[in-house]
2 protein chains.
Amino acid sequence: MAKYKDIAATIRNRILEGQYSADGPLPEQKKLAQEFETSRMTIQKALEMLTYEGLIYSEQGRGTFIKSNVSALSQLDATVNQYVGTTKLFAGKATVKSDILKNELRLPNAEEQEKLQLAKTEAVYDVVRLRFLNEVPYSIEHSIMPAKILGELTDTVLKKSIYEYLGQTLNLKIGVAYRRISADQPNQMDQEYLHCKPIEPVLQVTQTVFLQNGMPFEYSTTRHRYDMGSITTITQGNH
Amino acid sequence: MAKYKDIAATIRNRILEGQYSADGPLPEQKKLAQEFETSRMTIQKALEMLTYEGLIYSEQGRGTFIKSNVSALSQLDATVNQYVGTTKLFAGKATVKSDILKNELRLPNAEEQEKLQLAKTEAVYDVVRLRFLNEVPYSIEHSIMPAKILGELTDTVLKKSIYEYLGQTLNLKIGVAYRRISADQPNQMDQEYLHCKPIEPVLQVTQTVFLQNGMPFEYSTTRHRYDMGSITTITQGNH
DNA sequence: AAGTGGTCTAGACCACCTG
DNA sequence: AGGTGGTCTAGACCACTTG
């Protein structure tokens, strides 16, 4: 492990255990460099990590301070706002299953070509899945994914988790995701599969997910029963 | 301006203008250091900036690459997923006004004490505002804010933007925000003020907003007409 | 083995805040 | 003026990937 990560871990623990005064500043960088027998640059990389984690902040000419919401943060189980997919989110807490309503290989339409940056000739998977939480249907997920990334997409994979398949079998990493969240009245499918009554709305999430190398990997729309799911986001201000 | 920021700006422009091959790697760090007549550490800080912006990524032993979604990104006006409040979001595009339905100074209840990290004795403002976009009501915002941060909260401020007041008058900076987004059936107030029919849902956002120093500054619930507003988020994976 | 990025050093000077 | 963090240097060695 890199030295600056070790140092960051040590300082993080001290902060969480209250070993540093919550009011006053942290020891100055020069002192920390002496204590950890390293250079100031290395200390700065460690502090930079903790800054991105939202634990501390620095002000030029004043010092480095602990954010006062640190105690509140430890109550939330929110590490970072990272996309994990539905399956992993509920791991261990409940059983998640999927019915595959559609799994088709076809050519993309104009919108899909644009969103997934594909040529007319590059095929996509068009997959619709009904997802169950503890045997109760809670969302319908409609995904368009480029065939060139996924290769052979079997029902076995779809029944489990596409994200698991991506990371473990294809060894690809998720990068950025753009999501648009809105509320909507239930449509015909929602009423049929999610058993929504006309007055029971859905929460709709339309997202484009990119791999770490920037290739678009999924363009999807998911509709959740309003009483079975909400989205949590953490937005960091500028550092 | 810092040298590494200048260099980052130069490289960013080159990438956006297509001066670097989209397939191959960027010039190696040593070459860039020579070109910009600087040290490798400074080049690394510049590249680090572009990495956090989602423009490039590096792989140890291979090189630094341009993400292939760069062209798609420039279509979106999304720089970073920063919270700006409703007023600024629509600046110039439409007129935003507020009716103040309630503006009360009182003591916090147990939930508010916890969310805002307040003592029983510290007063809060309890504000309900009906927001109009081009004279049409589109959301109801219910905010609880600590009086010790805001000082005197006049109706003049509330009619405009609290976030503007924070930044410009109080010189405080927004830090992190936690938000929970869900869909809901319209309640009595939604039906009265947003003119929702029973089958017209609302998009609800419950958020806790912290200042840069970690003090909680707002605990609020906003309900939007489903056909007037959606939330867009950008989630970065791990770098 | 060669070439890439990742980390680290031991200094230095600058920018900013506070008394 | 003194003390803080912010930036920068000119090297060095390490970790990883590729031919």
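Here is the naming used below: chain letters follow the sequence lines, and residue numbers restart at 1 for every chain.
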Does [X] make a side-chain N or O approach to OP1 or OP2 of [N] shorter than 4.0 Å?
{"X": "A:K30", "N": "D:dT4", "answer": "no"}
{"X": "A:Q29", "N": "D:dG3", "answer": "no"}
{"X": "A:K45", "N": "C:dT7", "answer": "yes"}

Rounded to the nearest 0.5 Å, the OH atom of A:Y125 sits from the CG atom of A:N103 at a distance of 7.5 Å

Notebook entry, point to check: Hey, what do you get for NE2 (B:H142) to OG1 (B:T222), rounding to the nearest 0.5 Å?
Noted result: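 The NE2 atom of B:H142 sits 10.5 Å away from the OG1 atom of B:T222.
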
### Message
For B:Y52 and A:Y52, take the angle between the two ring planes, folded into 0 to 90°, and tell me which bin it lands in: parallel under 30, tilted 30 to 60, perpendicular over 60.
### Response
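Rings of B:Y52 and A:Y52: parallel, as their planes differ by under 30°.
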
Filtered N/O pairs between nucleotides 14-19 of chain C and protein, under 3.5 Å:
none

A:Y4 or B:G63, whichever maps to the more 5' nucleotide of DNA chain C =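 Comparing both residues, the 5'-ward one is B:G63.
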
Output a table of nitrogen or oxygen pairs between the protein and nucleotides 9-12 of chain D separated by less than 3.5 Å.
residue: D:dT9; atom: OP1; partner: B:K3; partner atom: NZ; Å: 2.7
residue: D:dT9; atom: OP1; partner: B:T38; partner atom: OG1; Å: 3.1
residue: D:dT9; atom: OP2; partner: B:T38; partner atom: OG1; Å: 2.2
residue: D:dT9; atom: OP2; partner: B:S39; partner atom: N; Å: 3.1
residue: D:dT9; atom: OP2; partner: B:S39; partner atom: OG; Å: 3.1
residue: D:dT9; atom: OP2; partner: B:T42; partner atom: OG1; Å: 2.6
residue: D:dA12; atom: N6; partner: B:R40; partner atom: NH1; Å: 3.4

| request: Please check if any side-chain donor atom of B:T64 sits under 3.5 Å from a side-chain acceptor atom of B:S58, or the reverse. | output: yes

**Prompt:** Tell me, do B:Y20 and B:P25 make a side-chain contact under 4.5 Å, heavy atoms counted?
**Reply:** no

* Note: A:E112-A:R106 ion pair, threshold 4.0 Å (strictly below) ->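 Here A:E112 pairs with A:R106 in a salt bridge, since their nearest N and O are under 4.0 Å apart.
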
Here the salt bridge (charged side-chain N to carboxylate O under 4.0 Å, His left out) pairs for residues 40-52 of chain B, sequence neighbours left out, are none

- Query: Would B:T206 and B:R180 satisfy side-chain hydrogen bond (donor to acceptor under 3.5 Å, both in side chains), going step by step from the backbone distance to the final call?
  - Reply: CA-CA 5 Å; B:T206 299; B:R180 225 179 83 130; 5.9 Å; no

